[in-house]
Protein chains: 2
Amino acid sequence: MSKRIETLIAQADKNCTARGTRLTAKRKQVLAGLLNCKRALSAYELVDYCEQEFGETFSAMSVYRILEFLEQEQLAHRLNLANKYVACSHICEHHSHDAPQFLICQSCHKVSEIIIPPNTVSALKQTVADAGFELKSPQIEMNCICNDCKTKALGRDHRNKQHSVAHSQSTTAMTTQAGT
Amino acid sequence: MSKRIETLIAQADKNCTARGTRLTAKRKQVLAGLLNCKRALSAYELVDYCEQEFGETFSAMSVYRILEFLEQEQLAHRLNLANKYVACSHICEHHSHDAPQFLICQSCHKVSEIIIPPNTVSALKQTVADAGFELKSPQIEMNCICNDCKTKALGRDHRNKQHSVAHSQSTTAMTTQAGT
DNA sequence: TGAATTACGTTATGTTATAACATTGCACAA
DNA sequence: TTGTGCAATGTTATAACATAACGTAATTCA
Ligand SMILES: [Zn+2]
Ligand SMILES: [Zn+2]
Ligand SMILES: [Zn+2]
Ligand SMILES: [Zn+2]
């Protein structure tokens, strides 16, 4: 495991201790799996991935429980659009971000955790409020095509009109926290 | 079935004919089921619902295929956040909307198909482009709490602090079409 | 130490979605 | 009219994602 990931795990461990929770060995391994793998993984993919990488065996059930824990601790996020999970890319930062925002490449599953300008977010909230709904701390997820894949797709298009990315239909998702 | 729904089905039928596709009896029934039921339904819920309402039996498989057809025809939409389906609320309007936008109540599954101001959408697109992704014709889905449910939840909160909506974690989803 | 709590293991089951292949019904040409 | 093709639907199986229920082990703390 890379030095960088070890540092992140150590930081995550500190965060948990500070919050009175425990980042156990299993939980560290799952988090390491997520950090190690660049793209988003489903719970079942994570089972396989951890088995390969660490020779550890996890039941899918355990992975789900651990992912739930990591989410609570803001160490990982569930991508509702993809039914997959990613490590938080802000483990070392202090602020507890309450509105993580993700771009998910539909082609290669690369995920980018971004910051949407607050005024865009508040414009969205206002529109939603006008419609009689409440949208708070939105976790926004957007199905996209990353530039890499777009370039590849363009190459293909030249050879083979009509196909490739042109057919893909994707979705942007915003998870919001209501209440409190 | 209500007069209003019959009118919508007739309009949908016309649209299909104009496009050279066929809104068969089965397809009409599934669409009627979606129109009849106010909230979003999963494919399996739709199987049950149609059975109850129309005494027709559908295999889940057929329903999935029919939903796929209705989506192509823009007569229904798949809500990627909820893994559920709704009838399009613009069947009678002429413009083929390429950016449907939905608010989904996490509590009662009520769905509202709204219009987000174009400048908000383009601000989002710009942010996404800056991050090296492409977001086109976004179908935005937002998990929300509707005002009705919020009111109810507040009532509960008074009696029972901490619980209810406060725990729900939801997501906004944006489906986008890339290419072309 | 012993009770309470937390984490983890295990098995079963529920839910959503697709694959693969068979059958039906209709349009149209021979 | 019969055959052929094609779209729609039926049927069965299975993949993929997720949770329920219950038991055991480890940890915490009085
Ligand atoms: Zn994060
Ligand atoms: Zn990509
Ligand atoms: Zn619509
Ligand atoms: Zn509601």
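These values consider heavy atoms only, across backbone and side chains, with no hydrogens, waters or symmetry-generated copies. Owing to the predicted nature of the structure, the values given are computational and were not obtained by experimental measurement.
- Comparing atom distances between the B/Thr24 side chain and each of D/dA8, C/dT10, C/dA17 picks out D/dA8 as nearest.
- No hydrogens or angles were tested; on distance alone, a donor-acceptor pair under 3.5 Å links the side chain of B/Tyr44 to the base of C/dA17.
- Between the P atom of C/dT18 and the CZ atom of B/Phe69 lies a distance of 18 Å, rounded to the nearest Å.
- In this model, the phosphate group of C/dC8 is approached by a side-chain N or O of A/Arg27 to a distance below 4.0 Å at OP1 or OP2.
- Looking at B/Lys150 and A/Glu134, a side-chain N of the basic residue comes within less than 4.0 Å of a carboxylate O on the acidic one, giving a salt bridge.
- Atom NZ in A/Lys26 sits about 17 Å away from atom C1' in D/dT27, given to the nearest Å.
- Contacts of A/Phe58 with the nucleic acid, taken as non-hydrogen atoms under 4.0 Å apart, are absent.
- Using a cut-off of 4.0 Å between Lys/Arg side-chain N and Asp/Glu carboxylate O, A/Lys26 and A/Glu56 are scored as salt-bridged.
- Within the nucleic acid shown, B/Ser59 comes within 4.0 Å of at least one base atom, counting heavy atoms only.
- The aromatic ring centroids of B/His77 and B/Tyr85 lie 6.0 Å or more from each other.
- For B/Asn83, no side-chain nitrogen or oxygen approaches OP1 or OP2 of C/dT15 to under 4.0 Å.
- Protein atom CG of A/Leu70 is 10 Å distant from nucleotide atom P of C/dC8, rounded to whole Å.
- Rounded to whole Å, the distance from CD on A/Glu68 to P on D/dA20 is 10 Å.
- OP1 and OP2 of D/dA16 both lie 4.0 Å or more from every side-chain N or O belonging to A/Lys84.
- Not one side-chain nitrogen or oxygen of A/Arg22 sits closer than 4.0 Å to the OP1 or OP2 atom of C/dT5.
- One can place CG of A/Leu67 at 14 Å from C1' of C/dC8, the figure rounded to the nearest angstrom.
- In this structure, the CE atom of B/Met61 is 15 Å from the C1' atom of C/dT23, given to the nearest Å.
- Look at B/Ser62 and you won't find any side-chain N or O under 4.0 angstrom from OP1 or OP2 of D/dA8.
- Atom pair A/Leu31:CG and C/dA7:P shows a separation of 15 Å (rounding to whole Å applied).
- Both A/Ile5 and A/Leu46 are assigned to one and the same hydrophobic cluster, defined by single-linkage of ILVMFWY side chains at heavy-atom distances under 4.5 Å.
- Among the nucleotides C/dC21, C/dC8, C/dT16, the one closest to the side chain of B/Arg65 is C/dC21.
- Protein atom CD1 of B/Ile66 is 16 Å distant from nucleotide atom C1' of C/dA17, rounded to whole Å.
- Under 3.5 Å, the side chain of B/Tyr64 and the base of C/dA19 form no donor-acceptor pair of N or O atoms.
- Using a cut-off of 4.0 Å between Lys/Arg side-chain N and Asp/Glu carboxylate O, B/Lys110 and B/Asp148 are scored as salt-bridged.
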